[in-house]
Amino acid sequence: MNTPIYRGSTVLFPTMDDLLNRRAKYTYGTRGTPTTEALETAWTELSGAAGTVLSPSGLGAISLALLSVVEAGDHVLVTDNVYWPTRAFCGGMLAKLGVETSYFDPMIGASVSELIRPNTKVLFLESPGSLTFEVQDVPAMAAIAEEKGAVTIIDNTWATPLLFPPHARGADIAIEAGTKYLSGSSDLLMGLVSANAEYFPRLRETYDLFSNCPGPEDVFLCLRGMRSMSLRLREAESQGLAMAHWLAARPEVRRVLHPALPENPGHEIWKRDFAGASGLFGVELQPVSREALAAMLDGLRLFGMGFSWAGFESLVIPCEPNKLRTATTFAHEGPILRFSIGLEDVADLQEDLDAGFARLRAAG
Ligand SMILES: *Cc1c(COP(=O)(O)O)cnc(C)c1O
């Protein structure tokens with residue numbers, strides 16, 4: 001039933017003439033195999049795109065998407081709550097190539113129009129944004145970019161195309177870290193970039209120039225993950241919401257940063273544009289000492305501490321979103337935690353955090 005794993009590299013041609021004219025559907029490992037094509041085709045359909053290319057990681061997908069459209073002299077506008085390595089790529093690589101980046105308030109909405117310069121090539125969105133979860137008015141912003149001749153690229157990893165169809169909402173190019181919900185198991189890395197008909201040809205061409213192709217086992221595992229992604233997302237939403245509401249009622253918590261909660265910036269937009277929530281959200285605690293926070297986190301039994309998210313096991317990380325911003329400030333008094341809720345029993349997760357809060361209080 002599933003497409004088997006076709007490995008690179010060599011495809012044999014029956015005759016010299018066939019080889020010289022590349023007369024074959026598959027010509028070489030980097031140019032695609034039935035396995036990679038199956039994932040690309042399925043993702044294209046799921047995303048409502050014209051085509052998809054793969055990358056060995058989500059960050060690889062981001063750099064590929066940007067490099068497919070920018071050239072020296074261009075300007076790129078990026079949301080200030082962007083996934084931090086995207087910012088690092090813009091500052092560390094695009095700058096070297098003569099492309100300037102500036103950042104904007106994620107809640108700016110249609111006023112982004114005033115920031116678009118004659119040489120602005122890209123409007124880069126991420127909604128909800130990394131660590132702080134503000135929801136952007138993607139349709140309004142994408143319409144403005146289009147009118148001004150800029151490409152809208154969105155990092156759609158939080159929602160996946162199942163909860164936010166990126167191209168139907170106006171994005172020209174959409175990125176997914178397949179490392180997250182497509183895998184769902186924290187055991188592989190994958191990036192996918194889908195594009196509409198206008199931008200897919202240059203995306204494919206850029207992919208071919210780099211030939212940065214993912215390994216066939218990981219592609220196969222993503223195809224398998226796709227079959228259960230909607231089920232896992234539904235569970236992530238209900239588990240995540242149960243935890244978010246429980247946390248919101250705790251005296252140790254100042255506020256919960258979750259797009260489905262009415263007080264979250266952009267909540268009304270989330271209700272209008274999204275089909276649901278995934279299992280990743282943030283929490284601001286009441287101010288506590290670093291030692292007390294460490295006492296809480298170091299002793300957790302079920303929550304792991306580590307990067308990435310969307311696996312079957314719950315994770316938590318402390319983060320400092322303010323330190324990553326340049327255009328805005330993110331006001332908070334207590335520490336910010338980011339939770340990825342997995343598939344464990346919610347009562348067990350609450351018990352683990354309840355014991356963690358007891359350690360936090362005991363440590364002062
Ligand atoms: C994790 C993540 C990425 C990058 O994915 P990797 O496969 O880890 O490189 C990109 N964007 C967002 C929003 C992410 O959370």
Side-chain angles (χ1 to χ4, degrees), residues 39 43 47 52-67 78-90 92-93 103 106 122 124-136 138 152-164 166 171 173-194 210 212-215 217-219 221-222 225-226 229 233 236 240 257-259 266 270 274 277-282 304-311 313-317 319 321 324-325 336-342:
L39 181 57
W43 195 257
S47 307
T52 299
V53 295
L54 307 179
S55 172
S57 72
L59 185 56
I62 290 164
S63 58
L64 182 63
L66 283 165
L67 290 173
V78 179
T79 181
D80 209 23
N81 55 1
V82 75
Y83 175 65
W84 185 82
T86 303
R87 184 187 288 268
F89 179 79
C90 293
M93 180 56 65
Y103 294 86
V122 173
F124 193 103
L125 308 177
E126 185 183 325
S127 179
S130 277
L131 306 180
T132 48
F133 301 95
E134 300 93 335
V135 182
Q136 302 188 318
V138 175
T152 298
I153 304 181
I154 189 167
D155 184 335
N156 197 37
T157 301
W158 184 86
T160 84
L162 287 173
L163 302 182
F164 186 88
I173 299 179
I175 288 141
E176 181 79 19
T179 309
K180 311 292 168 50
Y181 281 111
L182 191 51
S183 155
S185 300
S186 309
D187 58 2
L188 65 84
L189 293 154
M190 184 65 62
L192 305 97
V193 192
S194 59
F210 281 105
N212 243 329
C213 47
E217 278 87 359
D218 291 342
V219 175
L221 288 171
C222 284
M226 197 181 299
M229 189 165 70
L233 267 173
L257 314 169
H258 190 305
W270 175 81
F274 287 68
S278 64
L280 188 79
F281 62 92
M305 271 188 286
F307 295 105
S308 202
W309 46 278
E313 76 294 28
S314 293
L315 297 173
V316 62
I317 54 168
C319 44
L324 310 177
R325 294 189 173 212
I336 305 289
L337 299 178
R338 187 192 71 180
F339 287 98
S340 174
I341 304 301

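Counting convention: from 1, in listed order, for ligands and their atoms alike.
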Among Ile154, Leu66, Ile62, which residue meets the side chain to side chain contact (heavy atoms under 4.5 Å, CB included) test with Ile175?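 The option that passes is Ile62.
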Output, in order, the C-alpha distance, side-chain angles, deciding distance and verdict of salt bridge (Lys or Arg N to Asp or Glu O under 4.0 Å) for Arg325 and Glu134. CA-CA 14 Å; Arg325 294 189 173 212; Glu134 300 93 335; 2.9 Å; yes
Hey, can you tell me if His258 and Phe281 have their rings parallel, tilted or perpendicular (30° and 60° cut-offs)?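 Rings of His258 and Phe281: tilted, 30 to 60°.
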Parallel, tilted or perpendicular: rings of Phe164 and Phe274 (30°, 60°):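 Tilted, since the angle between the ring planes falls between 30° and 60°.
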Taking atom CZ of Phe133 and atom CG of Leu280, what is their separation to the nearest 0.5 Å?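 Atom-to-atom, Phe133:CZ and Leu280:CG are 4.0 Å apart.
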Check: [X] N/O within less than 3.5 Å of ligand 1 N/O:
{"X": "Trp309", "answer": "yes"}
{"X": "Gly58", "answer": "yes"}
{"X": "Ser308", "answer": "no"}
{"X": "Glu126", "answer": "no"}

Heavy-atom nearest neighbour of atom 11 (N) of ligand 1 within options Ile62, Leu280, Asp155: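 Nearest option to atom 11 (N) of ligand 1, by heavy atoms: Asp155.
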For atom 1 (C) of ligand 1, find the nearest protein heavy atom and state the residue, atom name and distance (0.1 Å precision).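 So the nearest neighbour among protein heavy atoms is Lys180 NZ, 1.4 Å.
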Quick one: nearest non-hydrogen protein atom to atom 8 (O) of ligand 1, plus distance?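 In this structure, atom 8 (O) of ligand 1 has Tyr83 OH, 4.0 Å as its nearest protein heavy atom.
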Contacting atoms of ligand 1, where contact means under 4.0 angstrom from a heavy atom of [X]:
{"X": "Ala177", "answer": "2 (C), 3 (C), 4 (C), 5 (O)"}
{"X": "Thr179", "answer": "6 (P), 7 (O)"}
{"X": "Leu59", "answer": "4 (C), 5 (O), 6 (P), 9 (O)"}

Tell me whether the NZ or CZ atom of Lys180 lies within the 45° cone about the ring axis of Tyr83 and under 6.0 Å from its centre.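 Pair Lys180/Tyr83 counts as cation-pi.
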Hey, would you say the Tyr181 and Trp309 ring centroids sit under 6.0 Å apart?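 Under 6.0 Å, so yes.
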